[in-house]
Each structure stands twice: as structure tokens, then as C-alpha cells.
Amino acid sequence: MSAVTEQARLADRIIALEESSTLAMTKMARELAAQGHKVISLSVGEPDFKTPAHICEAAKKAIDDGFHGYSPVAGYPDLRKAIADKLKRDNNLEWKPENIVVSTGAKHSLANAIQVLVNPGDEVLIFAPYWVSYSEMVKLAEGKSVIVDGAFENDFKVSAAQLEAAITPRTRIVMFASPNNPTGSVYSEKELREIAAVIERHEGVYVLADEIYEYINFTPEGHFSIGSIPAIKDRVITVNGVAKGFAMTGWRIGFIAAAKWIADGVEKLQGQVTSGTNSIAQKAATAAFTGPLDASKEMAEAYQRRRDLVVGLLREIPGFKVNMPDGAFYAFPDVSYYFGKTDGVTVIKDSDDFSNWILNNSYVSTVAGSGFGAPNCIRISTAAADEALVEAVERIKTAVATLK
Ligand code: PMP
Ligand code: GLU
């Protein structure tokens, strides 16, 4: 190996890290589109709506009012207060502003929480299918991901009995999202109470509750926060943000609400790594959390309509097995019927092959289920215009009909 190659070697932790498959597919879709192909990009989970006007106005005002300096590491006091009020209003969660730390997106909040709680070798139980970044965040903290599979037959959800069986003396965190990405599954209050009863019995175990899709919930009961169960409240780190519910993905605001020692740990970490997050975006987020929720409700209605549309169309494709998502904006069909089939040139072995083949043959970008811990499935974002969704599913249907 030459000296130059030796020096150009990345650190082992980065070599070991997988690239985010959601972002990798989105990049490939952009590249194909730049080459002139008519790509329908359904790989990134991102609202196609604009941020509501009153939120944008608050950001403009923040610029005019001179919020140009470093913000406090844990977030502006008015934003932390707004989040505490929101948690009380929506989630039956009583936390003080000092329990809240604002970060650069919910992704950052999750990564921070894992960094401050996980020692090398600690186990993090992840309910699968899971969002692609969970296992990689655990890897960065030198923890060990233990995957607990939610069965298709149980709407991809993990039962309390499965959780009980997976806990060991090394378990530090149990993490999952409800509503879930990629399945759209929503854990009911009853299911969460059963899970909480298991957690209660295991003292050193914490719950990392990812609630970023809270407002995109189609169940009549609506969202329930596991942190609102008093017996385990101090052991639940609730993560949320503005990206999905307010169509604010690019503003990059997320938060944790947790016991003070955990919040303090996150603040300490953040103080050395990123400092306080974007000042203008924080003012926008304050407007989001204190303002009306009409726009969020309208967006959720649109996602529900699109879910019905896309799931209905996908179920017409021979061999596709499709669950009915109760929230978020994804469809997650099991496409394993096509594994082993070929177009005469390429043999489709797995979900990665399937997703790549669909992209290259019908110019619809999806994400393989493998990165989500569900190798039989692909993820299709339904956060796109109805016409694009109809055309995308039609293209997929036409393409797979050629496979033998
Ligand atoms: N959790 C889940 C389940 C997600 O799908 C995403 C994707 N955005 C995030 C967290 C991160 O959200 P943010 O954009 O606020 O970082
Ligand atoms: N959460 C979105 C997704 O799953 C955004 C992309 C990402 O950060 O992974 O597609």
C-alpha cells in the first residue's frame, strides 16, 4: 500500500457504516433525472407540501429582528417552552423546558440519545421493520443492534411477549417509531401499555420513542405516547420534530423530551459537536408548535387519501402482498413473489435487485426493504401528487408483468 493510500484511509467506524439507502436511492433518482429520464421519485420520505405560511412568516421576522447569533445549545427558551406546552396538549406528557433539547432534526435527536446512553457492547432492541438509520446510529455508538421482527400477519408490529423474550441483562434501549417508517403501522394504546408493562419489569431499560409521524395518523383513536405512562415516564425519551407534520424537512428541527440527566447529557454532547441549532429555524418551529394545526390536518387527510389510492392499486399487482398502513406516508409491499424471476438478462434475487430493476426499467425510485430489516419488501413513498402515484404504480405493474 502506498503512503498516500495509507493516509487516505477513512476511520474504521466510517468504513463500517452503511450508506443511508433512502438517501442513496434518492441520489440515483436525481442522477437519472439529470440524464433526461422521466423519473418518478418515491424513494425519499418527504412531504410534497409547502411549509405553512404563518411558519415561514415567523422565520422572515426572525431574520428582520436580528436572530443571527449563536443560539443556546439546548434551544431558545421560548421554543423549549412551546415544546413543553405541545407535549402537554397533544401527548399528555408533563415535561419542563429543562427536560427538552432541540437539535438539528429528529435524526440528530435520535443519534444524540443513543450516544449519551449506549456503552460499547450495550444492546439496543430495534423493532423491525425499522427506519434505516437506527441500526447505523447504534453502530456508531459501538452498541449492538438486536432486531425483533414484527410479523406481516401482525401488521408488522412486535408484541410484548416478543419484547420480553428479547430482553437480556445487556439491553439498554428499546427503540421504535409509531407511526412507523417504513410500514405505517401504529401501535395502539393497548399495545403500548403492554410494552410498557414489560419495560417496567426491567429497570435498566430505556425506551426511545420516535414520534416524528405523530400528526400523520389515520386511526380513529389517534396518537398515543408511551412516555405518558407514569410508571416508565422517566425511562422514555420521546423524540419528535417539525419535519413531517409541518412539512419542514429542510428546516432541520427536532427534539428530545426526557429525564433531566439525559437532557443534560445531550446538551453536553451537542455543546461539543454542533452547538445550538439554526436560530431562524427555531423561531419557525416555535410558530409551528404554538400555531394552528389546520394545515397539518389537511396534509394528513391528503396522505390518507393517497394511501387508499396506492394500496388499492398495489393490491392489483399479481404477487404483491400489501399491509394497510395506519399512518405516515409509505406503502411497504412484500414483493418476494418475484424473487428468482428474470427479464431474460437480470435475475431478481432480492429486494435490492427488485428496487434497482424497477428504477432502471420503469424509472420509479423506491427503496429496498433490506435496509429496513425487511428483505422481502420495498418502500414506496406516497408523499407525491396523485397523478404521479397512479403513473408510478402503473409503470411498476407493467414492468413486473414482463418477469418470468
Ligand atoms: N425518524 C423517522 C422514522 C423518520 O422517517 C425520519 C425521516 N425524516 C426521521 C426520524 C428524521 O426526521 P428529521 O427530518 O426531523 O431529522
Ligand atoms: N425519513 C426520510 C426517509 O425515510 C428522509 C430520508 C432520510 O433521512 O433517511 O426517506
Side-chain angles (χ1 to χ4, degrees), residues 17-30 41-49 51 55 75 79 83 101-114 126-138 150 156 175-187 208-217 223 237-257 270 274 277-278 281-282 284-285 288-289 303 325-332 355 365-374 377-384:
L17 199 65
E18 298 286 340
E19 193 180 350
S20 160
S21 57
T22 50
L23 301 180
M25 278 307 274
T26 306
K27 192 168 153 191
M28 267 162 71
R30 278 202 193 111
S41 183
L42 303 180
S43 40
V44 74
E46 166 153 51
D48 56 322
F49 296 103
T51 302
I55 299 174
L79 174 54
I83 292 169
V101 181
V102 178
S103 302
T104 305
K107 197 180 218 171
H108 187 204
S109 301
L110 290 163
N112 279 344
I114 291 170
I126 301 178
F127 291 2
Y130 55 86
W131 182 42
V132 290
S133 297
Y134 289 179
S135 50
E136 300 311 304
M137 290 172 179
V138 172
F156 289 116
M175 78 184 286
F176 60 96
S178 178
N180 183 265
N181 172 8
T183 61
S185 309
V186 170
Y187 283 81
L208 192 46
D210 181 347
E211 306 195 346
I212 191 76
Y213 294 97
E214 170 187 9
Y215 290 148
I216 310 173
N217 182 325
H223 183 79
I237 301 107
T238 302
V239 172
N240 207 333
V242 293
K244 313 293 174 171
F246 297 101
M248 293 177 69
T249 46
W251 298 77
R252 311 306 304 129
I253 297 287
F255 66 84
I256 62 149
Q270 204 159 273
T274 56
T277 194
N278 181 295
Q282 287 193 54
F289 289 129
Y303 295 132
D326 278 329
F329 39 57
Y330 306 101
F332 200 57
S355 180
S365 73
T366 60
V367 188
S370 52
F372 299 93
C377 300
I378 60 163
R379 192 190 76 174
I380 299 173
S381 166
T382 55

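Just so it is clear, the model here is predicted, and its values are computed rather than measured. The first residue of the sequence shown is numbered 1, and numbering continues consecutively from there. First listed ligand is number 1; within each ligand, the first listed atom is number 1.
Heavy atoms of H108 come nearer than 4.0 angstrom to ligand 1 in no pair at all. Within the structure, the closest approach of D210 to ligand 1 falls below 4.0 Å when heavy atoms are considered. Heavy-atom separations between E46 and ligand 1 are all 4.0 Å or longer. Proximity of E46 to ligand 2 is not established, as no heavy-atom distance is less than 4.0 Å.
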Take S43 and T366 through the test side chain to side chain contact (heavy atoms under 4.5 Å, CB included) and record every step on the way to the result.
CA-CA 4 Å; S43 40; T366 60; 5.8 Å; no
Under the side chain to side chain contact (heavy atoms under 4.5 Å, CB included) rule, what do F289 and L79 come out as? Steps first, then yes or no, please.
CA-CA 8 Å; F289 289 129; L79 174 54; 3.9 Å; yes
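Close approach of ligand 2 to K244 (heavy-atom distance below 4.0 Å) involves ligand atoms 1 (N), 2 (C). Residue contact check: R252 has heavy atoms under 4.0 Å from atoms 13 (P), 14 (O), 15 (O), 16 (O) of ligand 1. Counting the atoms of ligand 1 from 1 in the order shown, those under 4.0 Å from a heavy atom of G105 are 15 (O), 16 (O). Set against the non-hydrogen atoms of N181, the atoms of ligand 1 under 4.0 Å away are 3 (C), 4 (C), 5 (O). Of all the atoms in ligand 2, the ones that sit under 4.0 Å from a non-hydrogen atom of W131 are 1 (N), 3 (C), 4 (O), 7 (C), 8 (O), 9 (O). Within the listing of ligand 1, atoms 1 (N), 2 (C), 3 (C), 4 (C), 10 (C), 15 (O) sit less than 4.0 angstrom from a heavy atom of I212. For ligand 2, the atoms sitting less than 4.0 Å from at least one non-hydrogen atom of Y330 are 3 (C), 4 (O), numbered in the order shown with element in parentheses.
For T104, no nitrogen or oxygen atom sits less than 3.5 Å from a nitrogen or oxygen atom of ligand 1, counting backbone and side chain alike. Taking distance alone, with nitrogen or oxygen atoms compared against 3.5 Å, Y330 stays at or beyond that limit from ligand 1. Close N/O approach between G45 and ligand 2 is found [any backbone or side-chain N/O within under 3.5 Å]. The shortest N or O to N or O distance between Y134 and ligand 1 is not under 3.5 Å. Where the criterion is an N or O separation shorter than 3.5 Å, residue side chain and backbone included, S133 fails it with respect to ligand 2.
Closest heavy-atom contact between T249 and P47: CG2-CD, 3.6 Å. Across all non-hydrogen atoms, the minimal contact from M248 to A285 is CE-N, 4.3 Å. For the residue pair S21 and V367, the shortest heavy atom distance occurs at OG-CG1, 3.6 Å.
For the pair Y130/S135, a side-chain contact is recorded, criterion being any heavy-atom separation below 4.5 Å from C-beta on. Side-chain contact check for N278 versus R252: every heavy-atom pair is 4.5 Å or farther apart. Counting only heavy atoms from C-beta outward, the side chains of Y330 and T183 never approach each other to under 4.5 Å. Counting only heavy atoms from C-beta outward, the side chains of L110 and W131 approach each other to under 4.5 Å.
With hydrogens left out, the protein atom closest to atom 7 (C) of ligand 1 is K244 NZ, 3.1 Å, a heavy atom. With hydrogens left out, the protein atom closest to atom 8 (O) of ligand 2 is K107 NZ, 2.8 Å, a heavy atom. Among all non-hydrogen protein atoms, the one lying nearest atom 10 (C) of ligand 1 is W131 CZ3, 3.3 Å. The nearest heavy-atom contact from the protein to atom 9 (O) of ligand 2 is T22 OG1, 2.6 Å.
Judged by distance alone, the side chain of S381 and the main-chain N or O of L42 form no donor-acceptor pair under 3.5 Å. E46 contributes no side-chain N or O that, together with a main-chain N or O of A383, makes up a donor-acceptor pair within less than 3.5 Å.
The ring of F329 has its center closer than 6.0 angstrom to the ring center of Y213. The distance between the ring centers of Y303 and F49 falls below 6.0 angstrom.
Side-chain contact, S103 with Q270: a donor N or O sits under 3.5 Å from an acceptor N or O.
Contacts of A106 with ligand 1, taken as heavy-atom pairs under 4.0 Å, involve both backbone and side chain. The residue T249 has no part lying near ligand 2, judged by heavy-atom distances below 4.0 Å. Neither the backbone nor the side chain of F372 has any atom closer than 4.0 Å to an atom of ligand 2 (non-hydrogen atoms only). Contacts of L23 with ligand 2, taken as heavy-atom pairs under 4.0 Å, involve the side chain alone.
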